[in-house]
Amino acid sequence: MAMNERLRTELEEFKKQGVYKTLNHLDSPQAARVTMEGRGDVIILSSNNYLGLSNAPGVVQAGKDALERFGAGTSSVRFICGTFTIHRELEKAIAELVGTPAALSYVSCWNANESVCATLLGPEDIVISDQFNHASIIDAIRLAKGITKAQAAVYKHSDMTDLEEKLKASSGCRTRMVFTDGIFSMEGDIAKLADILELAQRYDAFVVVDDSHATGVLGTTGRGTAEHCGVLGEIDMITSTLGKALGGAAGGFVASSEEACDYLTQRARPQLFSNALPCTVAGSAMAAINQLRAQPEMVTRLHENARYFREQLIEAGFKPLEGDTPIIPVILGETAKAIEMSRMLLDEGVFVTGFGFPVVPKGEARVRCQISAAHTRDHLDEAMTAFKKVGSKLGLI
Ligand SMILES: Cc1ncc(COP(=O)(O)O)c(C=O)c1O
């Protein structure tokens with residue numbers, strides 16, 4: 001294939017490094033145990049399927065029903081072809097779940113984040129972002145800087161003194177937006193939302209929380225970081241994904257005031273120029289929300305499982321990052337080590353992804369365990385046996 005010389009050399013060099021293995025092939029639905037790389041017995045500890053709903057019969061059936069009722073797709077953007085009733089039903093359910101007056105669905109949370117910054121901010125405005133925010137927020141800010149010339153600042157991770165300094169330093173701005181993850185995806189820790197809100201109130205700032213890892217996960221009934229922090233109904237704007245706990249297919253949303261959602265409907269470029277969420281996905285997400293409402297005990301089981309696995313890791317001699325969520329990272333240092341541990345665990349029938357640079361900072365490569373309500377104690381114990389075996393082979397415990 002003819003290709004630009006510089007690009008070809010760079011791609012070949014990357015391949016030669018051999019650090020990143022090819023993607024693991026999954027040949028079954030997401031569940032506690034999956035078929036991967038030809039093995040039918042792999043316990044998955046690396047999925048955002050936090051509530052085990054990706055393969056729940058009601059969620060799958062709702063997708064099929066939506067396919068029958070609405071057909072394969074939307075065939076256009078919403079303002080051109082009309083808005084399916086399933087989208088409106090879903091948006092109402094989302095708003096009720098996360099505690100806002102309204103919500104607006106997107107094909108992904110990535111799109112939702114991009115539309116928030118690029119649509120709501122101009123050159124007189126600033127977005128102040130946590131240092132460890134997800135890539136989608138970082139790129140959303142880059143996009144806004146490029147398109148609308150919005151200003152940006154970054155505060156040290158969860159450092160409220162630094163956030164306050166950034167708020168003070170931007171007193172001349174028309175709007176100050178503070179953007180934070182709810183659960184930080186690589187660390188597994190939770191944003192200090194009550195403190196952020198208090199500062200935002202004092203400095204007249206607007207708070208946006210990306211709750212992608214927290215929707216369906218945090219709080220006693222899974223309503224997210226706001227429920228966990230006791231500030232439900234007080235967040236100006238929440239973005240999140242439907243591609244993790246809420247069915248896991250794809251999709252995202254912005255939840256906020258009716259006026260903000262209407263404005264984004266009319267002005268956000270991903271709304272105006274890109275097709276709506278497929279109806280099958282909307283149907284499955286709707287069923288996932290209904291199941292979450294009806295069975296909050298799924299959330300309790302998720303919390304208990306996460307606590308149990310964390311305790312077992314510590315008892316075995318591992319040193320996971322401190323935290324209180326189903327994301328439990330074990331730091332290993334070099335990328336090659338994280339990849340090696342992941343490979344050895346897969347040989348033992350446990351799938352945990354190793355993360356290295358550039359996904360996490362250099363020297364902080366890790367394996368990131370993610371726990372689900374779908375895991376039984378037997379699954380977790382079996383996984384722990386593999387962790388102990390691999391951990392002692394690698395000299396970690
Ligand atoms: C915090 C956070 N925000 C946004 C996203 C993107 O979500 P989506 O897959 O819906 O685009 C992710 C996905 O990994 C995420 O972890």
Side-chain angles (χ1 to χ4, degrees), residues 23 30 44 46-51 53-54 87 90-91 94 97-98 103-118 127 129-144 154 157-158 177-191 193 196 207-218 224-226 228 235 237-255 264 268-271 274-278 280-282 284-285 288-289 323 325-329 353 355 358-360 366 368-372:
L23 304 177
Q30 288 285 349
I44 191 159
S46 195
S47 172
N48 303 310
N49 180 24
Y50 292 116
L51 295 175
L53 290 176
S54 301
H87 290 123
L90 174 66
E91 286 161 355
I94 288 170
L97 177 70
V98 304
L104 181 64
S105 59
Y106 285 75
V107 289
S108 69
C109 183
W110 190 287
N111 263 356
N113 285 343
E114 277 191 356
S115 88
V116 164
C117 294
V127 49
S129 170
D130 188 289
Q131 176 191 5
F132 282 0
N133 274 347
H134 187 255
S136 57
I137 303 174
I138 295 170
D139 279 18
I141 293 170
R142 288 177 180 154
L143 187 76
V154 175
H157 177 52
S158 274
M177 175 188 282
V178 178
F179 210 143
T180 180
D181 273 355
I183 291 180
F184 292 89
S185 51
M186 285 299 142
E187 315 297 305
D189 58 336
I190 302 170
L193 257 199
I196 291 174
V207 175
V208 186
V209 179
D210 176 342
D211 239 7
S212 290
H213 283 279
T215 307
V217 171
L218 282 188
T225 310
H228 175 89
I235 313 295
M237 189 169 271
I238 295 167
T239 66
S240 188
T241 187
L242 303 169
K244 301 191 195 296
L246 297 182
F253 61 85
V254 172
L264 290 170
R269 292 169 74 82
Q271 288 289 330
S274 184
N275 272 18
L277 191 66
T280 48
V281 177
S284 288
I289 292 175
T325 73
I327 296 179
I328 310 176
T353 305
F355 289 92
V359 181
V360 294
R366 63 199 65 188
R368 182 181 71 166
C369 308
Q370 287 173 286
I371 307 302
S372 168

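None of the values given here were measured: they were computed from a predicted structure. In listed order, ligands and their atoms are each counted from 1.
In this structure, a donor-acceptor pair under 3.5 Å is absent between the side chains of Thr180 and Asp130.
Between the side chain of Arg368 and the backbone N or O of Gly188, no donor-acceptor pair lies under 3.5 Å. No donor-acceptor pair under 3.5 Å is formed between the side chain of Glu187 and the backbone N or O of Ile327. A donor-acceptor distance shorter than 3.5 angstrom exists from the side chain of Ser240 to the backbone of Asp211, with no hydrogens or angles considered.
Under the ring-ring contact (aromatic ring centres under 6.0 Å, His included) criterion, Phe132 pairs with His157, sequence neighbours left out.
No option in Ile137, Val127, Thr239 other than Thr239 meets the side chain to side chain contact (heavy atoms under 4.5 Å, CB included) test with Val208.
For ligand 1, the protein residues within 4.0 angstrom (heavy atoms only) are Ser108, Cys109, Trp110, His134, Ser136, Asp181, Asp210, Ser212, His213, Thr241, Lys244, Gly251.
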